[in-house]
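First the structure, in the form of structure tokens, and then the observations on it.
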Amino acid sequence: MTISEQQNTAAPRQGLGLVHTLDGAERDALRARLRAAAAGGAAPARGACREAVEASALPLERIGATLSGGDIPFCLLRNLPVDALAQQWTVGPAPLASGLLLGVTAALGLTNFGYHEEKNGAILQDVHPIAGAEDSQSNAGRVAFHMHVESPFLPRAARPEVGALICLNNETATPTRIATVELVKRQLSARHVLALRQPDFRLRHDQSFEVNGYTLSVTTALLKEVDGRDETRCGIYAEGAHAAAQEAVDAWKRAADAVALDLVLEPGDLLLFNNYRCVHGRGAVEGRRWLKRVYSTRDTSLLSEGLISVWRAMAARHIDHSF
Ligand SMILES: O=C(O)CCC(=O)C(=O)O
Ligand SMILES: [Fe+2]
């Protein structure tokens with residue numbers, strides 16, 4: 001991971017939350033345990049991966065406390081044992097990276113999930129440029145991917161609480177960008193913050209979802225206090241319902257871009273972030289690049305066999321649809 005130079009602007013830059021780097025011996029011990037956990041099967045077993053991570057030198061309690069209640073609710077874990085790639089690698093099985101995503105999130109008490117309508121229901125997802133999608137605002141694109149949260153068009157119970165991205169290759173040093181809701185909010189006028197709390201915004205579904213040609217949209221506030229902390233659901237496709245609302249969302253997006261911290265993930269770096277209280281994005285991708293991703297949550301009310309159905313989530317009567 002390298003952190004780019006401070007921008008020469010008035011906006012402060014997002015500070016790092018918890019960073020923890022394993023030393024060589026700690027990494028090798030974790031690799032041996034994960035290998036044993038993955039032995040015999042193509043897909044590593046989550047329970048065995050959790051045990052391997054629990055036996056490691058990772059400070060799991062501090063990581064969990066940072067993600068749920070920290071002022072800067074994201075963590076960077078470095079020098080983890082990921083799969084070594086051949087010179088001419090292709091995206092395929094990566095049991096160590098997969099085992100780390102499953103094991104770390106399980107050890108934090110989180111449940112992994114995917115969506116029926118995204119990436120064919122994959123729970124462990126590969127993030128890399130895909131031919132034909134270069135210009136898309138998605139993790140398959142190459143153009144800069146603007147600041148967003150995961151699945152903003154869905155109600156909170158259907159959004160990931162924690163996003164996890166582990167790097168296998170980032171040879172042309174594309175930054176992953178991240179900023180806390182708190183810091184973005186502090187750049188805005190009181191009038192804009194108040195405007196963002198009103199249900200005056202339209203969000204529509206992300207390009208990564210396959211929803212039978214429908215356009216799913218919802219009218220909502222973009223900012224809300226939940227359990228004493230402000231959260232956002234501002235995504236790429238967020239529009240104000242009137243001029244003042246549009247002005248506020250434009251200001252939010254400008255501020256998120258201005259304060260975001262650029263993290264150039266290196267193989268073995270794992271970024272975990274609270275998806276309610278952080279926004280993230282990605283710079284433009286020039287060459288080859290491969291991350292693996294998993295969504296996690298403590299709210300399992302909409303999960304069935306590890307998956308959420310967008311349609312069922314929208315129809316659910318027992319959840320709050322206002323944010
Ligand atoms: O590729 C990255 O660094 C982040 C991509 C992203 O936003 C995602 O996969 O959700
Ligand atoms: Fe994302």
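In what follows, residues are counted from 1 in the order of the sequence shown. Order of listing sets the numbers, starting from 1, for every ligand and every atom in it.
Each of Glu150, Gln207, Lys119 was evaluated against Asn139; a single residue qualifies, Lys119, per the side-chain hydrogen bond (donor to acceptor under 3.5 Å, both in side chains) test. Considering Leu222, Leu223, Val193 as possible partners of Trp252, the one that fulfils the side chain to side chain contact (heavy atoms under 4.5 Å, CB included) test is Leu223.
Ring geometry, Phe273 versus His280: the interplanar angle falls from 30° to 60°, so the pair is classed tilted. The aromatic rings of Phe145 and His148 sit parallel to each other, their planes meeting at less than 30°, with 60° as the upper class boundary.
Not a single ring pair (Phe, Tyr, Trp, His ring centres under 6.0 Å) links Tyr276 to another residue, sequence neighbours left out. With sequence neighbours excluded, the residues that form a side-chain contact (heavy atoms from CB on, under 4.5 Å) with Thr66 are Leu18, Cys75.
Within 4.0 Å of ligand 1, contacts by protein heavy atoms are made from Val127, Asn139, Phe145, His148, Glu150, Leu165, Thr176, His280, Arg282, Arg289, Leu291, Arg293.
In this structure, a donor-acceptor pair under 3.5 Å is absent between the side chains of Thr297 and Asp299.
With rounding to the nearest 0.5 angstrom, the CH2 atom of Trp89 is 4.0 Å from the CZ atom of Arg288.
Note on the Fe ion (ligand 2): protein N/O/S atoms under 2.8 Å are His148 NE2, Glu150 OE2, His280 NE2.
At least one donor-acceptor pair closer than 3.5 Å links the side chain of Gln198 to the backbone N or O of Leu194.
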